[in-house]
Amino acid sequence: MIRSFDALTDQAEGGENSSPVVLNIQNTNSPAILCSEFRFPFIDLPSSFSTMIRFILLQNRQGKTRLAKYYVPLEESEKHKVEYEVHRLVVNRDPKFTNFVEFRTHKVIYRRYAGLFFSLCVDITDNELAYLECIHLFVEILDHFFSNVCELDLVFNFHKVYLILDEFILAGELQETSKKAIIERMGELEKLE
């Protein structure tokens, strides 16, 4: 049994045994493997494990989708079905309930601003409050960029909204959480146009 990180690096460098070292990590069933090439431990996660945003939807009260960004591959018919089901879930939900609702094998976290619903689909074990803050930060960035954003800004400037979203979230993971940094990058892109 390996008891220290030094012993682990010695073993990975070919000390006692040149084969990869498998450790058991508390609170998970997946092993951590040390690669002697990289010299740092990484977690070998099962393919079913994921902690990413599946999709983002901005929908109005009538069900018109104003922005849809999917980070998992879905057929076009499946996307329309998902949009319809998510809209039905969030619009008919009583405002006194939480903004989290189970959706298939995942969780939808949503927030309503004026007539728009901002919805994120995430893994069932992800932190809901962190994603609620993520939605709020996205709305603050939109509001600052468009100076008092409204639904028409999203419709007529959808390419800019997607740029902001890509600065904020990339490949289903939070890329940047600094409002100032995102707005500065968007300002630089505006200068290039």
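In this text, all values refer to a predicted model and were calculated from it rather than measured experimentally.
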Quick check: closest heavy atoms across [X] and [Y], and the distance to 0.1 Å?
X      : Y      : value
His106 : Asp123 : ND1-CA, 4.2 Å
Asp126 : Lys107 : O-NZ, 3.1 Å
Met52  : Ala171 : CE-O, 4.0 Å

Item checked: Partners meeting salt bridge (Lys or Arg N to Asp or Glu O under 4.0 Å) with Glu133 (sequence neighbours left out) ->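 Glu133 satisfies salt bridge (Lys or Arg N to Asp or Glu O under 4.0 Å) with no residue once adjacent residues are dropped.
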Notebook entry, point to check: Between Asp153 (side chain) and Cys150 (backbone), is there a donor-acceptor pair under 3.5 Å?
Noted result: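 Yes, the answer is positive, given that a donor and an acceptor are paired below the 3.5 Å cut-off.
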Among all residues two or more places apart in sequence or in another chain, which pass the side-chain contact (heavy atoms from CB on, under 4.5 Å) test with [X]?
X      : value
Phe97  : Arg93, Asp94
Tyr162 : Leu67, Lys69, Phe158
Leu192 : Leu189

Notebook entry, point to check: With Glu176, which residues qualify under side-chain hydrogen bond (donor to acceptor under 3.5 Å, both in side chains), at least two apart?
Noted result: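 Partners of Glu176 by the side-chain hydrogen bond (donor to acceptor under 3.5 Å, both in side chains) criterion, ordered by chain and then number, come out as Arg185.
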Item checked: Residues that Ser178 engages under side-chain hydrogen bond (donor to acceptor under 3.5 Å, both in side chains), provided they are two or more places apart ->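 Listed in chain order: nothing, the list is empty.
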Check: Within a strict 4.5 Å, meaning less than it, do heavy atoms of the Tyr113 and Phe118 side chains meet?
Finding: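 Heavy-atom side-chain distance check passes, below 4.5 Å.
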Notebook entry, point to check: Do the rings of Phe138 and Phe168 sit parallel, tilted or perpendicular, given the 30° and 60° boundaries?
Noted result: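 It falls in the parallel class, under 30°.
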Enter the distance from [X]:[atom1] to [Y]:[atom2] here, rounded to the nearest 0.5 Å.
X      : Y      : atom1 : atom2 : answer
Ser119 : Phe103 : OG    : CZ    : 10.0 Å
Ile182 : His144 : CD1   : NE2   : 12.0 Å
Cys134 : Ile53  : SG    : CD1   : 5.0 Å

Notebook entry, point to check: Is Glu167 salt-bridged to Lys160, cutoff N-O under 4.0 Å?
Noted result: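 Looking at Lys160 together with Glu167, the answer is no, because their closest N to O distance does not fall below 4.0 Å.
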Check: Just wondering, more than 12 heavy atoms not from Lys81 lying within 6.0 Å of its NZ?
Finding: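 No - once you tally the heavy atoms of other residues, nucleotides and ligands closer than 6.0 Å, there are 12 at most.
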Checklist line | Under 3.5 Å side-chain donor-acceptor pair for Glu140 and His136 | finding: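 On atom types as modelled, these side chains qualify, holding a pair under 3.5 Å.
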